[in-house]
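Read the structure below first, then the notes.
Residue numbers begin at 1 in each chain, while the letters A, B, ... track the order of the sequences.
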Protein chains: 2
Amino acid sequence: MAENLRLWLRLLSTTTMIEAELRRRLRAQFNTTLPRFDLLAALDRAPEGLTLGEVSARMMVTNGNVTGLATRLEAEGLVARRPDAQDRRAVRLRLTPAGARAFAQQSAAHAAWVRELFAGLSGAERAALHRLLGRAKQSLNGINQEEAA
Amino acid sequence: MAENLRLWLRLLSTTTMIEAELRRRLRAQFNTTLPRFDLLAALDRAPEGLTLGEVSARMMVTNGNVTGLATRLEAEGLVARRPDAQDRRAVRLRLTPAGARAFAQQSAAHAAWVRELFAGLSGAERAALHRLLGRAKQSLNGINQEEAA
DNA sequence: TTGACATGCTTGAAGCTTAAAACATCTCCT
DNA sequence: AGGAGATGTTTTAAGCTTCAAGCATGTCAA
């Protein structure tokens with residue numbers, strides 16, 4: 001059924017449009033990018049910092065990706081690498097004070113943008129969409145389990 | 001409200017998960033990528049071919065992006081560049097016979113994968129999700145119009 | 001305890017993506 | 001006709017992303 005295909009294309013284009021708008025605003029107002037913002041956001045929720053592996057799992061990207069991202073953000077003074085106390089293989093990443101300040105500003109703007117972008121939907125519509133996306137994720141997890149089996 | 005943020009994060013992660021799965025399968029089974037597939041798909045729907053600009057609009061990516069993509073696919077013999085008859089600035093891109101054959105195979109598999117990935121949702125759920133995503137896109141278009149004004 | 005395998009990170013090569021600048025051609029007004 | 005501005009493509013530099021390979025460290029079983 002082409003119905004499934006249309007659903008997927010619409011899901012993809014909706015996400016792409018929102019992402020493009022957020023990227024544009026992050027660049028225009030903060031001269032930063034979505035991956036950088038996402039990395040700061042992950043660290044902001046983790047006062048103890050995160051290992052690079054934990055970051056890459058949360059961001060759903062590869063380890064090598066996080067290595068490069070962290071290196072650039074470190075050069076800008078927004079995050080700091082420090083050896084993990086327990087595991088000498090691991091590197092723990094945390095926000096610097098400057099990084100925390102930058103993220104606080106970006107985060108507030110980002111939340112307002114997202115609210116604005118979904119403003120055309122009623123509360124009930126947003127709730128229904130949230131629920132259905134949850135169902136879609138369940139559907140996906142079913143697939144991945146089968147693959148692993 | 002953090003509710004909007006959660007909705008956005010769920011929308012993003014759902015899309016990312018599906019995209020990752022499709023990428024993985026395109027690579028494993030056809031040794032290709034999603035952008036290549038998307039470009040072939042755009043051309044497949046256009047028997048007369050498309051200018052690079054038309055392709056970039058359909059794919060929602062920049063012109064420069066399409067230039068590179070087209071160059072690689074041309075090197076692989078799947079698409080052909082030819083000057084546009086009406087406009088000497090424009091380059092018209094079309095599938096070669098080999099490109100059409102490759103896309104036919106990939107397309108059939110892709111449609112089946114998408115069907116599989118959404119199999120956990122009922123028809124009613126898929127219809128509702130499709131409708132709500134349409135509403136979300138309306139919401140976005142409202143924003144963009146305001147910006148342009 | 002030591003060797004085999006797992007895990008955490010980095011590196012390198014390739015490809016994807018963008019923004020901005022450059023260039024060619026087109027359109028349209030005067 | 002001429003010129004101003006729009007449009008179509010390419011190029012460049014920078015960053016993002018993946019995969020695969022490599023190195024360091026950890027774990028666990030014989």
Atom CG of A/Asn63 and atom P of D/dC16 are separated, to the nearest Å, by 17 Å

note: A/Leu69, atom CG; D/dT17, atom C1'; distance rounded to Å ~ 10 Å

- Query: With a 4.0 Å cut-off on heavy atoms, is B/Gly64 in touch with a base, just the backbone sugar-phosphate, or nothing at all?
  - Reply: base

Under a 4.0 Å heavy-atom cutoff, the residues of residues 78-92 of chain A touching DNA chain C are A/Arg81, A/Arg89, A/Ala90, A/Val91

Side chains of B/His130 and A/Arg10: any donor to acceptor distance under 3.5 Å? yes

Using distance only, find each side-chain donor-acceptor pair of residues 50-60 of chain A under 3.5 Å and give its atom names and separation, not counting sequence neighbours.
residue : atom : partner : partner atom : Å
A/Thr51 : OG1  : A/Glu54 : N            : 3.1
A/Glu54 : OE1  : A/Thr51 : N            : 2.9
A/Ser56 : OG   : A/Gly53 : O            : 3.1
A/Ser56 : OG   : A/Asn63 : OD1          : 2.8

Taken to the nearest whole Å, CZ/A/Arg23 to C1'/D/dC16 is 9 Å

With a 4.0 Å cut-off (strictly under) to non-hydrogen atoms of chain B, the first and last hit nts on DNA chain C, 5' to 3', are C/dG15 to C/dC26

Note: contacts of residues 29-39 of chain A with DNA chain C (heavy atom, under 4.0 Å) are none

Looking only at atom types and distance, does a side-chain atom of B/Glu125 sit under 3.5 Å from a main-chain N or O of B/Ser122, one as donor and one as acceptor? yes

Taken in chain and number order and not counting sequence neighbours, the residues that satisfy ring pair (Phe, Tyr, Trp, His ring centres under 6.0 Å) with A/Phe103 are A/Phe37

- Query: Hey, does the side chain of A/Asn65 come within less than 4.0 Å of D/dC16's phosphate (OP1/OP2), counting only N and O?
  - Reply: no

Could you tell me if the side chain of B/Leu7 sits less than 4.5 Å from the side chain of A/Leu129, heavy atoms only?
yes

Do any side-chain atoms of residues 68-75 of chain B form donor-acceptor pairs under 3.5 angstrom with protein atoms, and if so which ones, sequence neighbours left out?
residue : atom : partner : partner atom : Å
B/Thr71 : OG1  : B/Thr67 : O            : 2.8
B/Thr71 : OG1  : B/Arg81 : NH1          : 3.4
B/Thr71 : OG1  : B/Arg81 : NH2          : 3.2
B/Glu74 : OE1  : B/Arg81 : NH1          : 2.7
B/Glu74 : OE2  : B/Arg81 : N            : 3.3

